[in-house]
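Comments concern the structure below.
Throughout, protein chains are lettered first and strands after them, A, B, ... in sequence-line order, and every chain is numbered starting at 1.
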Amino acid sequence: MGHAVHPWLTIVGLLVGAVAFGFTPLALAWLWARVFSPNKPGAEKNATYECGLESKGDSWTGFGASYYIYAIVFLVFDVEAVFLLPFAVAFTGLSLGACLAMLVFLLLLVEGLVWAYGKNVLTWA
Amino acid sequence: MADELKDLKIELSKNGIFTTTLEELYNWGRKNSVWPLTFGLACCAIEMIATTMARYDLARFGAEVFRPSPRQADLIIVSGTVTKKMAPQVVRLYNQMPEPKYVIAMGACAISGGPFRDGYNVLKGIDRYIPVDVHIPGCPPRPEALIHAFMTLQKKIDEQALAGSTRPRHLQKDLPSEFPVPAFGEHGLEPPQNNDVFHEAAGNPLKVIQ
């Protein structure tokens with residue numbers, strides 16, 4: 001007997017097996033598609049799928065930047081609730097530093113709320 | 001020669017030796033994994049949906065995976081009345097499917113226009129524009145009829161040769177995978193039919209009226 005087998009060698013063997021297990025079907029499918037199946041592209045076939053209708057226009061359309069207001073208000077109300085709940089539960093056990101950090105966080109959120117209030121986005125239409 | 005091979009195969013199987021050909025294996029795989037397109041047109045579609053549900057269970061034939069995109073579908077079941085407004089979309093969806101692709105025309109409307117045949121707005125059978133593999137009569141056909149059509153299609157797939165002059169359309173490079181999409185004209189669809197696909201039966205009592 002020579003040297004003892006390296007303990008990681010089994011893992012390497014399994015790794016190679018796992019990769020081969022995944023890639024062999026893919027390679028076979030690729031081979032089949034490239035070599036055996038006839039390639040028949042066409043204008044209709046390669047067109048964008050729109051439930052059978054002809055697609056119109058470009059898919060690269062802009063999104064309205066005015067939606068940022070919803071993002072900010074969402075952050076203020078939703079993220080605030082998510083962090084306030086654990087803050088309230090752990091309040092009695094918190095150190096002064098943690099409490100101050102949380103208050104700074106709250107200040108930032110309240111700042112956003114005041115800004116949104118000042119911008120008059122909290123009123124219904 | 002083919003009969004001799006078949007006899008030899010039977011002889012071998014009697015002795016516990018299983019033999020097959022690449023063609024048989026390939027077609028066996030194909031016929032048991034036909035994925036239809038999620039696509040329904042009228043009341044026949046309700047029967048088609050019932051066929052896929054637990055009572056009739058189309059999954060037994062490997063065809064329960066209705067694909068929401070033509071890119072992944074092998075079969076389009078034209079289930080219901082094809083109006084002239086819908087026909088271009090049906091042909092376009094068929095064009096967007098990769099080959100090999102198959103068509104089942106389900107119900108009286110899809111095969112001939114059915115009770116709406118004389119309607120100004122109804123196509124008199126989808127076989128005017130795309131090649132139909134299996135026609136099912138009925139109004140609407142029961143799920144058993146659709147399953148029968150499905151088994152007929154499976155048989156058809158099973159018998160397709162991979163090579164030679166009788167090989168199916170998808171293996172012939174020069175044959176197109178797309179069919180012309182009809183357009184709206186002054187008097188219905190133009191052209192009224194694709195003459196490469198549509199062959200009127202001799203002595204057809206229902207004359208072609210567009």
Side-chain angles (χ1 to χ4, degrees), chain A residues 10-75 77-79 82, chain B residues 22-23 25-27 29-30 33 37-41 67-74 76 78 82-101 123 126 129-130 160-163 167-184 194:
Chain A
T10 327
I11 301 292
V12 171
L14 284 173
L15 189 72
V16 170
V19 170
F21 191 78
F23 275 93
T24 310
L26 288 178
L28 282 175
W30 183 85
L31 187 76
W32 191 269
R34 279 297 169 94
V35 181
F36 298 108
S37 76
N39 189 15
K40 284 195 207 174
E44 285 275 325
K45 205 174 181 180
N46 294 342
T48 312
Y49 169 57
E50 282 283 3
C51 302
L53 297 164
E54 274 178 298
S55 58
K56 290 195 177 79
D58 198 3
S59 58
W60 287 87
T61 54
F63 290 92
S66 54
Y67 285 109
Y68 79 99
I69 216 92
Y70 296 98
I72 287 174
V73 175
F74 174 80
L75 272 180
F77 287 109
D78 193 85
V79 179
V82 166
Chain B
L22 184 66
E23 187 177 291
L25 207 62
Y26 180 57
N27 283 342
R30 281 193 322 132
S33 61
L37 183 65
T38 312
F39 168 76
L41 287 175
R67 306 312 297 179
S69 163
R71 315 289 189 208
Q72 303 161 351
D74 309 302
I76 181 168
V78 184
V82 188
T83 57
K84 284 180 186 168
K85 190 158 190 177
M86 194 63 190
Q89 276 70 258
V90 178
V91 178
R92 197 171 288 118
L93 282 175
Y94 178 73
N95 283 345
Q96 289 186 339
M97 283 162 59
E99 294 207 69
K101 49 189 172 185
L123 184 71
I126 193 64
Y129 294 113
I130 55 177
Q160 285 184 329
L162 286 188
R167 68 194 191 279
R169 198 184 66 237
H170 72 273
L171 291 173
Q172 301 190 29
K173 270 209 166 79
D174 45 325
L175 291 183
S177 72
E178 293 187 5
F179 291 84
V181 178
F184 277 112
N194 181 356

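- In this structure, B:K173 contributes its side chain and A:K40 its backbone to no donor-acceptor pair below 3.5 Å.
- Residue A:E54 places its CD atom among 12 or fewer non-hydrogen atoms of other residues, nucleotides or ligands, all under 6.0 Å distant.
- Looking at B:E99, both its backbone and its side chain come within 4.5 Å of chain A, counting heavy atoms on both sides.
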Do any side-chain atoms of residues 86-96 of chain B form donor-acceptor pairs under 3.5 angstrom with protein atoms, and if so which ones, sequence neighbours left out?
{"from": "B:Q89", "atom 1": "NE2", "to": "B:K85", "atom 2": "O", "distance (Å)": "2.9"}
{"from": "B:R92", "atom 1": "NH1", "to": "A:G52", "atom 2": "O", "distance (Å)": "2.7"}
{"from": "B:Y94", "atom 1": "OH", "to": "B:R169", "atom 2": "NH2", "distance (Å)": "2.9"}
{"from": "B:N95", "atom 1": "OD1", "to": "B:F179", "atom 2": "N", "distance (Å)": "2.8"}
{"from": "B:N95", "atom 1": "ND2", "to": "B:F179", "atom 2": "O", "distance (Å)": "2.8"}
{"from": "B:Q96", "atom 1": "NE2", "to": "A:E44", "atom 2": "O", "distance (Å)": "3.4"}

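- Heavy-atom minimum distance, A:Y49 versus B:P70: CE1-CD, 3.3 Å.
- Under the side chain to side chain donor-acceptor pair (under 3.5 Å) criterion, B:K101 pairs with no residue at all, not counting sequence neighbours.
- No more than 12 heavy atoms of other residues, nucleotides or ligands shown are found within 6.0 angstrom of CZ on A:F23.
- Within the 4.5 angstrom heavy-atom criterion, atoms from both the backbone and the side chain of B:L175 approach chain A.
- At a 4.5 Å heavy-atom cutoff, B:P100 makes no contact with chain A through either its backbone or its side chain.
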